[in-house]
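Structure first, commentary second.
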Amino acid sequence: MSGLIDVHAHIVLEGTMGAAGPCGPEIGAHPDGTPWFRVGGYQLDGVAYRGSLFIELDMRLEAMDAQGIAVQALSPNPLTYLHFIEPKSAVDFCRRHNDELAAAVARHSDRFVGLAALPMQDPDAACAELDRAVRELGLRGGYTGTDFGTPLDDPAMDQLWARCVELDVPHFLHPTQSGIDGPLLDPRLRRWDLDLVLEYSYEETVAVATLVFGGVTERHPALDICLSHGGGTAPMVLSKLRTLAERRPASPEWIKEPGAFDRALGRLWFDCHIAGEAELALTRRQFGTERLVYGTNFGGWDRGTGPQVAELAPTLNANAARLLRL
């Protein structure tokens, strides 16, 4: 394949505007012309989705060609996960989103694959929508937030993880800001938009720890879960997490056995949309490259901040093809 496979590429779908009722999503502009995007009680100012590559597929394809990207896995805008709204409304929104996404992918099926939005506040409904999205719409897996009121290792989640294995599809985890349609984690993180870095990193690190300590990858060894941004700060605290697993009384007995922590961790995947060369080098040292895939946050605020990956491109592409079942 000539060009990279990008697994971290969010899309905004015009046909989903207003599909969640009072929660929107909604696009508008201030009197001075400054654009805004609203979901629930959260408003993002200064980002023009209409007339941009987030909505316009021709613009996206042109930018992909310019950046040497052959294929993108299109995923939900994290602002529109809506994991805390009333379950029926979430089901309706996810169905609309996935129908619109499948239609967009079908227009350029040689360049795009799609990842489904899921109503995670209702695990039964999430399983049903994943099944529909894969079997009927041809989407390649699920794409959700990390926090939706049920821990990732909760027994209620096992049915979704088992369904992913049954359908032979991956599941992607990518945080969003708290306080959009659910509780606010920490008001300090809203200052200077720190939530986009610090809250995301916190959520990703907690997700890694929960999946490992909670035994998700042990109970479902064939499950492919991919976490965004190199797993947050997990590479930095990996040795301490390993020591905690082996020594603390609260750790489950199975993870205290030699090699058990690394075996469980080694079943996770990570995208390498990180920040720079030093961060990528640390991630490679800690996680290796066998389950590392390329990601860009295409068109996002931190676009262009990733490290150069030309040396790794063949490995990253082979990994992405395996993960996405291309």
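A donor-acceptor pair is defined here as one N or O able to donate and one able to accept, closer than 3.5 Å; such a pair exists between the side chain of R219 and the backbone of G214. The closest donor-acceptor contact from the side chain of D224 to the backbone of V169 lies at 3.5 Å or more, if one exists at all. Distance alone, capped at 3.5 Å, places no donor-acceptor pair between the R163 side chain and the L130 backbone. Side-chain N or O atoms of R111 include one that pairs as donor or acceptor with a backbone N or O of A70 at under 3.5 Å. The backbone N or O of G40 lies less than 3.5 Å from a partner atom in the side chain of R38, making a donor-acceptor pair. Without hydrogens or angle criteria, W269 side chain to A320 main chain gives no donor-acceptor distance under 3.5 Å. D181 places a side-chain N or O within 3.5 Å of a backbone atom of F84 that can act as its donor or acceptor partner. Remark: the backbone N or O of T296 is paired with a side-chain donor or acceptor of D6 at under 3.5 angstrom. When atom types are taken as modelled, the side chain of S52 and the backbone of A48 share a donor-acceptor pair closer than 3.5 angstrom. Of the possible polar contacts, none joining the H174 side chain to the G145 backbone as a donor-acceptor pair under 3.5 Å is found.
Of the inter-residue distances, the one linking Q159 atom CD with D124 atom CG reads 4.5 Å to the nearest 0.5 angstrom. Rounding to the nearest 0.5 Å gives a distance of 9.5 Å between OG1 of T243 and CG of L238. Atom CG of N317 and atom OH of Y294 lie 10.0 Å apart (nearest 0.5 Å). Atom OG of S178 sits about 4.5 Å away from atom CG of L184, to the nearest 0.5 Å. Between D195 atom CG and Y202 atom OH the span is 14.0 Å, to the nearest 0.5 Å. Atom CZ of F298 is separated from atom OG of S75 by 12.5 Å, given to the nearest 0.5 angstrom.
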Trace of the side chain to side chain contact (heavy atoms under 4.5 Å, CB included) decision for D271 with L227: CA-CA 6 Å; D271 83 42; L227 292 106; over 6 Å; no
Applying side chain to side chain contact (heavy atoms under 4.5 Å, CB included) to M120 and L160, what does each step give before you reach the verdict? CA-CA 10 Å; M120 298 297 284; L160 180 62; 3.5 Å; yes
Evaluate the criterion side chain to side chain contact (heavy atoms under 4.5 Å, CB included) for residue pair F148 and Q121; output intermediate values, then yes/no. CA-CA 6 Å; F148 35 82; Q121 51 272 76; 5.8 Å; no
Evaluate the side chain to side chain contact (heavy atoms under 4.5 Å, CB included) criterion for residues Y200 and T176: first the C-alpha distance (whole Å), next the side-chain angles of each, then the deciding distance (0.1 Å), finally the verdict. CA-CA 7 Å; Y200 278 29; T176 191; 4.3 Å; yes
Return all side-chain donor-acceptor pairs below 3.5 angstrom for residues 278-289, not counting sequence neighbours, or 'none' if the list is empty.
residue : atom : partner : partner atom : Å
E279    : OE1  : G276    : N            : 3.3
T283    : OG1  : E279    : O            : 2.9
Q286    : NE2  : P235    : O            : 2.8

Side-chain polar contacts of residues 99-107 - donor-acceptor pairs under 3.5 angstrom, sequence neighbours left out - could you list them?
residue : atom : partner : partner atom : Å
D99     : OD1  : R132    : NH1          : 3.0
D99     : OD1  : R132    : NH2          : 3.1

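Inter-residue side-chain proximity for L74 and L115 is flagged as unmet; no heavy-atom pair is nearer than 4.5 Å. Contact of the S228 side chain with the H273 side chain is not registered, since no non-hydrogen atoms from C-beta on lie closer than 4.5 Å. Side-chain atoms of L185 and D147, non-hydrogen and from C-beta on, never get closer than 4.5 Å to each other. Between V91 and E129 the shortest side-chain heavy-atom distance does not fall below 4.5 Å. In this structure the side chain of R140 reaches within 4.5 angstrom of the side chain of L326, judged on heavy atoms. By the 4.5 Å heavy-atom criterion applied to side chains, T150 and M157 are counted as neighbours. With contacts defined as side-chain heavy-atom distances shorter than 4.5 Å, the pair Y143/Y81 qualifies. Side-chain contact between R291 and L323 is absent, with no heavy atoms from C-beta onward closer than 4.5 Å.
Counted within 6.0 Å of CZ on R188, heavy atoms from surrounding residues, nucleotides or ligands total 12 or fewer; the atom is thus considered open. In E62, the CD atom is not crowded: 12 or fewer heavy atoms of neighbouring residues, nucleotides or ligands sit closer than 6.0 Å. Within 6.0 Å of the CD atom in E290, the count of heavy atoms belonging to other residues, nucleotides or ligands does not exceed 12.
In this structure, S201 has no side chain to side chain donor-acceptor pair (under 3.5 Å) partners at least two apart in sequence or on a different chain. Listed by chain and number, the residues in a side chain to side chain donor-acceptor pair (under 3.5 Å) with D92 are K88 (sequence neighbours excluded). For H83, there are no side chain to side chain donor-acceptor pair (under 3.5 Å) partners, not counting sequence neighbours. With sequence neighbours left out, N77 forms a side chain to side chain donor-acceptor pair (under 3.5 Å) with Y49.
The ring of F172 has its center no closer than 6.0 angstrom to the ring center of H8.
Of all the heavy atoms in L244 and F213, the pair that sits closest is CD2-CE2, 3.3 Å. Nearest approach of E26 to M17, heavy atoms of both residues: N-SD, 4.2 Å. Scanning both residues, V212 and L265, for their nearest heavy atoms gives CG2-CA, 3.9 Å. For I274 against H229, the heavy-atom pair with the smallest separation is CG1-C, 4.3 Å. R325 and P170 make their closest contact through NH1-CD, 4.0 Å (heavy atoms, listed as atom of the first residue, atom of the second, distance). When all heavy atoms are compared, the tightest approach of C23 to I85 is SG-CG2, 3.7 Å.
If you chain together hydrophobic residues whose side chains sit under 4.5 Å apart, W36 and L44 never meet in one group. Hydrophobic clustering of Ile, Leu, Val, Met, Phe, Trp and Tyr side chains at less than 4.5 Å, counting indirect connections, unites L61 with L53. In the hydrophobic cluster analysis, where Ile, Leu, Val, Met, Phe, Trp and Tyr join through side-chain heavy atoms closer than 4.5 angstrom, L167 is grouped together with L173. One hydrophobic cluster, built from ILVMFWY side chains closer than 4.5 Å, holds both L241 and I225. Taken together through direct or relayed side-chain contacts under 4.5 Å among Ile, Leu, Val, Met, Phe, Trp and Tyr, I27 and I180 form part of one hydrophobic cluster.
No salt bridge links E136 with R95; every basic N to acidic carboxylate O contact stays at or beyond 4.0 Å.
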